[in-house]
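Take a look at the structure below.
All heavy atoms count here, side chains included; hydrogens, waters and symmetry mates do not.
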Amino acid sequence: MSKELSRVEESSRRGQILRLLRAEPGLTRIEVARRTGLSATTITRVVAQLVADGSVTEAGKVSRLGTGRPGTEISIEPTSYFVIGVHIGAGSVRIGVVDLMGVSHRQSGFDFEPHQDADVVLDRVAVSVTQLIADTGVDRSRLLGMGVAVPGPVDADHRRLLMPINLPWRDVPVADRLEKMVGLPVVVDHNVRSMALAEAQFGAGKGLSSVAFIYLRMGVGAGLVVEGQAFQGGVHGAIEIGHLRVVEGGEKCICGGVGCLETVLSERALRSALADLGMPSDVSNPFVALLSAAAESPAAAAHAELVVKRFATGLSGLVNLLNPELILLGGFLSAVPEEFVGQLTEATREAVFPIIRPTVQLRRSDLGLDAGVYGGATIALDHFFYT
């Protein structure tokens, strides 16, 4: 067996063990061997290596079988290594230092004008990342790399942002540029897909076989995780739910289509609706503002009902095609009242295939507007530690 093949197989075993410990901390070596199918000799060797580099710690001895010698529990040491999670949105950037179990230790960020050149924004990202590392005091030898969640499809190598709808950028070499300026390896992925992965591995979707994530901010996007893996279907792997046609003969969308979901459900559309209703549009969360106004204004209530109907039409397409176990609502949607979640769930169920209706489950994400930071961090952890 070649040295390279041996190295790859050893890395694969290491990743298999780490992923299991991420999902179930505190297993004994015997339990790890049974779950993975690896030999006791392999488990002993790999775990010894992980303990030696500090990634895994051994705790007290337990015996869950009731017979034989008790085994020693092993768990990932969360703060032995860190990654940088970056979310580049359509006008804002958030950055965080995140540990091996998905916990953010410090964050920073800045806003930018969407018409700004990509190189200018990436320069600011590099400066902000460098400053955040210094402020946090993390030893650079303990930084595994950076994950950058971007607002559009990426290339197959996960290094370039190809064509975001809400930014005038095209084919941006995000990884190359940031690696050169920051000095850390970089992986790039679609922002909402990375958010879905964060929820599936560390959040509300942990332990489920399929999780969809819907993110509303400048636009509305979707991500899907199946059996722990981010769905990468299609040419570029993006699920553009915001550009499903939900209104025949509707308004022109910025994508060039007509009647897209984003013509009624996007930050731009919601602020415009508030202004048309004679209400303040410069609020922090225009969707929550619209729902609040609906309690007092018949006109606002009518518009909110229309938005729910259009949203449910878009979600029904996702459910009929992919049938996820759980749909999580993020971004502006993470702050909506529970009553709205119930209304949207019922409206979506009415629009899907009958046998699927009882399975439709929606809930708010706990990640809030920082979902992209956790998403970027999760793709970095997957790429540089757990794989």
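In this structure, Leu167 is a member of the same hydrophobic cluster as Leu178, with clusters built from ILVMFWY side-chain heavy atoms closer than 4.5 Å. There is no path of hydrophobic side-chain contacts, each under 4.5 Å, that joins Val172 to Val127. Under the 4.5 Å side-chain heavy-atom criterion for Ile, Leu, Val, Met, Phe, Trp and Tyr, Met195 and Leu326 are members of the same hydrophobic cluster. Linking Ile, Leu, Val, Met, Phe, Trp and Tyr whenever their side-chain heavy atoms come within less than 4.5 Å leaves Val120 and Leu122 in two separate clusters. Leu306 is not connected to Ile241 by any chain of hydrophobic side-chain contacts under 4.5 Å among Ile, Leu, Val, Met, Phe, Trp and Tyr, and they are in different clusters.
Contact detail for Ala90 and Pro114: the closest heavy-atom pair is O-CG, 4.1 Å. In terms of heavy atoms, Pro151 sits closest to Pro164 at O-CB, 3.2 Å. Pairing each heavy atom of Gly242 with each of Cys260, the nearest pair is O-CB, 3.5 Å. Of all non-hydrogen atoms in Val188 and Arg159, the two that sit nearest each other are CG2-O, 3.8 Å. When every heavy atom of Ser55 is checked against every heavy atom of Ser80, the shortest pair comes out as CA-OG, 3.5 Å. The two atoms that bring Leu328 and Arg364 nearest to each other are CD2-O, 4.1 Å, heavy atoms only.
At least one donor-acceptor pair under 3.5 Å links the side chain of Trp169 to the backbone N or O of Gln116. Put simply, the side chain of Asp155 gets close to the backbone of Arg160: a donor and an acceptor are under 3.5 Å apart. A donor-acceptor distance shorter than 3.5 angstrom exists from the side chain of Arg357 to the backbone of Val352, with no hydrogens or angles considered. The main-chain N or O of Gly259 is never found under 3.5 Å from a side-chain atom of Arg245 such that the two would form a donor-acceptor pair. In this structure a side-chain-to-backbone donor-acceptor pair under 3.5 Å is present from Asn320 to Phe353. Counting only distance, with no hydrogens or angles, the side chain of Ser334 and the backbone of Gly331 share a donor-acceptor pair below 3.5 Å. Formation of a donor-acceptor pair under 3.5 Å by the Ser316 side chain with backbone atoms of Thr348 is not found in this model. Under the 3.5 Å distance criterion, the side-chain polar atoms of Arg29 are left unmatched by any main-chain donor or acceptor of Thr72. Side-chain atoms of Thr36 come within 3.5 Å of backbone N or O of Leu38 as a donor-acceptor pair. Judged by distance alone, the side chain of Glu179 and the main-chain N or O of Val186 form a donor-acceptor pair under 3.5 Å.
Note that CZ of Phe213 and OG of Ser194 are 9.0 Å apart. Values are rounded to the nearest 0.5 Å. The structure places OG1 of Thr345 at 8.0 Å from CD of Glu338, a figure rounded to the nearest 0.5 Å. The distance from the CG atom of Leu50 to the CZ atom of Arg14 is 4.5 Å, given to the nearest 0.5 Å. Atom CD1 of residue Ile214 and atom CG of residue Leu333 lie 8.5 Å apart, to the nearest 0.5 angstrom. To the nearest 0.5 Å, atom NE2 of residue His190 and atom CG of residue Leu197 are 13.5 Å apart. The CD atom of Glu240 lies 8.5 Å from the SG atom of Cys255; values are rounded to the nearest 0.5 Å.
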| field | Audit row: Lys206, Val211, side chain to side chain contact (heavy atoms under 4.5 Å, CB included) steps and yes/no | value | CA-CA 9 Å; Lys206 189 173 181 178; Val211 179; over 6 Å; no
| said: Between Leu162 and Asp171, does the side chain to side chain contact (heavy atoms under 4.5 Å, CB included) criterion hold? Intermediate values first, please. | reply: CA-CA 4 Å; Leu162 299 178; Asp171 198 19; 3.8 Å; yes
| request: Assess whether side chain to side chain contact (heavy atoms under 4.5 Å, CB included) is satisfied between Val288 and Phe340, documenting all intermediate values. | output: CA-CA 10 Å; Val288 169; Phe340 168 80; over 6 Å; no
| Does the side chain to side chain contact (heavy atoms under 4.5 Å, CB included) test come out yes or no for Leu265 and Arg310, once each step is laid out? | CA-CA 8 Å; Leu265 187 64; Arg310 304 304 189 211; over 6 Å; no
| task | Apply the test salt bridge (charged side-chain N to carboxylate O under 4.0 Å, His left out) to residues Glu199 and Arg363: give CA-CA distance (whole Å), side-chain angles for both, the deciding distance (0.1 Å), then the verdict. | result | CA-CA 12 Å; Glu199 282 283 17; Arg363 61 168 287 187; over 6 Å; no
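Salt-bridge check for Glu267 with Arg271: passed, with a basic side-chain N closer than 4.0 Å to an acidic carboxylate O. A salt bridge links Glu346 with Arg349; the closest basic N to acidic carboxylate O contact falls under 4.0 Å. Looking at Glu262 and Arg268, no side-chain N of the basic residue comes within less than 4.0 Å of a carboxylate O on the acidic one, giving no salt bridge. Salt-bridge check for Arg13 with Glu9: passed, with a basic side-chain N closer than 4.0 Å to an acidic carboxylate O.
By the 6.0 Å contact criterion, NZ on Lys252 is open, its count of non-hydrogen atoms from other residues, nucleotides or ligands being 12 or less. Residue-environment remark: CD (Glu305) stays at or below the threshold of 12 foreign heavy atoms within 6.0 Å. Shown here is Ile355, whose CD1 atom has no more than 12 heavy atoms of other residues, nucleotides or ligands within 6.0 Å.
Proximity of Arg35 to Glu24: side-chain heavy atoms (C-beta onward) are separated by under 4.5 Å at one or more points. For the pair Ile133/Leu184, a side-chain contact is recorded, criterion being any heavy-atom separation below 4.5 Å from C-beta on. Put simply, the side chain of Tyr386 reaches to within 4.5 Å of the side chain of Ile76, judged on heavy atoms. Within the 4.5 Å cutoff, the side chain of His243 has heavy atoms near those of the Ile165 side chain. The shortest distance between side-chain heavy atoms of Ser108 and Arg94 does not fall below 4.5 Å. By the 4.5 Å heavy-atom criterion applied to side chains, Asp370 and His87 are not counted as neighbours. You'll find the side chain of Gln343 stays beyond 4.5 Å of the side chain of Leu291, heavy atoms only. The shortest distance between side-chain heavy atoms of Val341 and Leu344 does not fall below 4.5 Å.
Aromatic ring centroids of Phe287 and Phe311 lie 6.0 Å or more apart.
A cation-pi geometry, defined here as NZ or CZ lying under 6.0 Å from the six-membered ring centre and within 45° of its normal, does not hold between Arg124 and Phe112.
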Show the atom names and distances, to 0.1 Å, of all donor-acceptor pairs under 3.5 Å that link a side chain in residues 96-104 to residues at least two apart or in another chain.
residue, atom, partner, partner atom, Å
Asp99, OD1, Met101, N, 2.9
Asp99, OD1, Gly102, N, 3.2
Asp99, OD1, Val103, N, 3.1
Asp99, OD2, His105, NE2, 2.8
Ser104, OG, Gln107, NE2, 3.2

Show me the donor-acceptor pairs within less than 3.5 Å that the side chains of residues 216-231 make with the rest of the protein, sequence neighbours left out.
none

